[in-house]
There are 2 protein chains.
Amino acid sequence: MDQRKRKPSFIKKQMDFREPGKTAGKILVAARKVFAENGYNGTHVDEIAAQAGVNKATLYYQIGDKDTLYANVIHQVLGNVAQDIADSVAKADHPEDKLKIYVNCIASAVDENPELPPIMMREMASGGAHLPRVVAEDMASVVTILLGIMEDGIRRGIFVETPPFLIHMMIMGTILFYKKGAPIKEKQLWLPAALKSRDKKLKGDLGDEVGQLVLKAIKK
Amino acid sequence: MDQRKRKPSFIKKQMDFREPGKTAGKILVAARKVFAENGYNGTHVDEIAAQAGVNKATLYYQIGDKDTLYANVIHQVLGNVAQDIADSVAKADHPEDKLKIYVNCIASAVDENPELPPIMMREMASGGAHLPRVVAEDMASVVTILLGIMEDGIRRGIFVETPPFLIHMMIMGTILFYKKGAPIKEKQLWLPAALKSRDKKLKGDLGDEVGQLVLKAIKK
DNA sequence: TAAACAGTTAACCATTTGGTTAAACCTTTT
DNA sequence: AAAAGGTTTAACCAAATGGTTAACTGTTTA
């Protein structure tokens with residue numbers, strides 16, 4: 001994102017994200033993929049247009065400039081996890097269960113949305129440079145949920161006092177790093193046999209595994 | 001990095017990294033900073049040259065093209081943590097101590113090297129696309145150290161059996177995400193007061209805190 | 001001291017890239 | 001069916017960007 005022409009990145013109009021048949025939908029689907037693969041700076045508007053099968057001018061007509069396009073993508077990818085977590089967590093009572101659900105929600109969001117890790121990691125790497133306000137708010141609301149769970153757990157004497165934000169970073173960091181890190185590791189064919197053979201695949205689900213670890217870490 | 005002109009990125013010649021007075025040194029210092037800030041694609045060779053105070057042609061004469069320059073930077077930033085960890089860890093006997101040292105080494109490497117988190121995160125986000133073989137090997141050797149610690153700990157009945165690679169990703173993920181995430185959080189002035197006030201700063205050192213958490217997570 | 005060499009630079013170049021324009025193409029409305 | 005409005009496109013453009021060249025400066029060597 002060019003530092004000079006910094007404009008507030010608002011969403012041009014309410015778009016039909018869920019209708020990939022419509023032009024705008026096709027563009028956003030393509031954009032999400034290309035942005036995830038190459039990052040903001042590595043992404044060329046022409047490539048998005050090509051992958052969406054539309055003319056570049058159509059893209060500009062339908063959505064706007066690169067910034068707006070990216071804002072839409074990031075909102076689409078990161079924005080809608082919050083509500084899901086809130087709903088799922090609310091269904092449980094015990095802080096332990098809630099925390100497990102919290103972690104699992106994030107893990108499955110990542111599963112269903114392979115574009116999430118790279119986009120999120122790059123967003124963090126750049127200090128949240130392109131984060132639209134809406135998304136930042138969504139993320140804050142996610143951390144707030146964890147805050148509630150942990151406060152409850154501490155009050156009930158189940159958890160030790162630990163900084164919630166650190167725990168959130170631990171959950172996110174572990175899941176995202178593992179998701180992207182494992183394939184990189186597998187790619188290194190020359191890796192010492194010890195590493196490859198001994199480090200067996202996860203038994204169960206990544207969400208469960210991480211949930212257990214985090215729980216054990218903060219339980220009294 | 002352009003997919004088409006994929007050349008093996010070897011280091012042109014042994015350079016005086018530690019002599020920032022020399023031209024090559026100045027260039028690498030500038031490059032490290034600019035690459036960390038803007039990522040590979042967001043970095044312009046002209047800007048590096050400008051920040052180094054040399055002509056762009058000098059940069060090409062001294063080091064080579066953008067790819068080579070980046071390979072040098074990433075090697076400089078990520079490559080030399082391995083030996084430090086190995087040495088420090090060797091000084092301890094007990095697996096618990098070793099693990100604490102392991103985590104603390106990574107944490108202080110990050111402290112001393114603010115460019116490490118963004119570069120590493122973006123590298124992971126891109127699936128290790130630009131990772132020179134040397135660096136991949138260094139990273140592998142780091143994980144191997146953890147593998148040793150954990151196997152020892154498990155054999156002695158101190159640790160529960162857990163995938164070492166997952167734990168490594170947990171350590172790295174937590175530290176890097178927290179390092180970059182905390183400033184982003186602080187930037188959001190509008191954050192609900194609850195979040196800002198309740199989520200107090202870490203009591204001690206990030207390395208210690210993470211070390212304790214991870215240790216608790218994998219201890220029997 | 002003159003030739004050889006290492007290091008630096010201003011100017012230049014080809015290509016890429018984000019973004020625009022004016023005309024064409026559909027639908028819908030009248 | 002013609003006017004109107006929304007949608008798509010080929011062609012175009014200015015700026016940016018990675019990389020090169022040929023000349024110039026200073027230092028080493030013979």
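By convention in this document, chain letters (A, B, ...) are assigned in the order of the sequence lines, proteins followed by strands, and residues within each chain are numbered from 1. These figures come from a predicted structure and were not determined experimentally.
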task = For B/K66 and B/T43, indicate whether the former's side chain and the latter's backbone hold a donor-acceptor pair under 3.5 Å.
result =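 Yes, because the side chain of B/K66 sits within donor-acceptor range (under 3.5 Å) of the backbone of B/T43.
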
request  = Return yes if some donor-acceptor pair links the side-chain N/O of A/K187 with the main-chain N/O of B/G127 below 3.5 Å, else return no.
outcome  =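 Flag set: sc A/K187 to bb B/G127 pair under 3.5 Å.
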
query = Is any side-chain N or O of A/T58 closer than 4.0 Å to OP1 or OP2 of D/dT9?
reply =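 The answer is yes; a side-chain N or O of A/T58 sits under 4.0 Å from OP1 or OP2.
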
task = Find which nucleotide of DNA chain C each of B/N55 and A/V45 is nearest to by heavy atoms, and output the residue with the more 5' nucleotide.
result =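 Between the two, 5'-proximity favours B/N55.
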
Heavy-atom pair of closest approach, residues A/T162 and A/M150 =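 Closest pair (atom of A/T162, atom of A/M150, distance): O-CE, 3.4 Å.
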
Measure from [atom1] on [X] to [atom2] on [N] and round the result to the nearest Å.
| X | N | atom1 | atom2 | value |
| --- | --- | --- | --- | --- |
| A/D46 | C/dT20 | CG | P | 14 Å |
| B/Y40 | D/dT17 | OH | P | 14 Å |
| A/K26 | D/dT7 | NZ | P | 14 Å |
| B/I48 | D/dT17 | CD1 | P | 12 Å |
| B/K66 | C/dT16 | NZ | P | 15 Å |
| B/I63 | D/dG18 | CD1 | C1' | 15 Å |
| A/L59 | D/dT8 | CG | C1' | 12 Å |
| B/K56 | C/dC13 | NZ | C1' | 10 Å |

Where the side chain of [X] is defined as all heavy atoms beyond and including C-beta, which of [options] is the nearest nucleotide?
| X | options | answer |
| --- | --- | --- |
| B/T23 | C/dT8, C/dT20, D/dT17 | C/dT8 |
| A/A57 | D/dT9, D/dG18, C/dT9 | D/dT9 |
| A/Q62 | D/dG18, C/dT9, D/dT8 | D/dT8 |
| A/Y61 | D/dG6, C/dG19, D/dT9 | D/dG6 |

query = Are a donor atom and an acceptor atom from the side chains of A/Q76 and A/N72 found within less than 3.5 Å of each other?
reply =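 No pair is found: no donor N or O on one side chain lies under 3.5 Å from an acceptor on the other.
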
query = Does the pair B/R133/B/E137 count as a salt bridge with the N-to-O cut at 4.0 Å?
reply =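 Looking at B/E137 together with B/R133, the answer is yes, because their closest N to O distance falls below 4.0 Å.
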
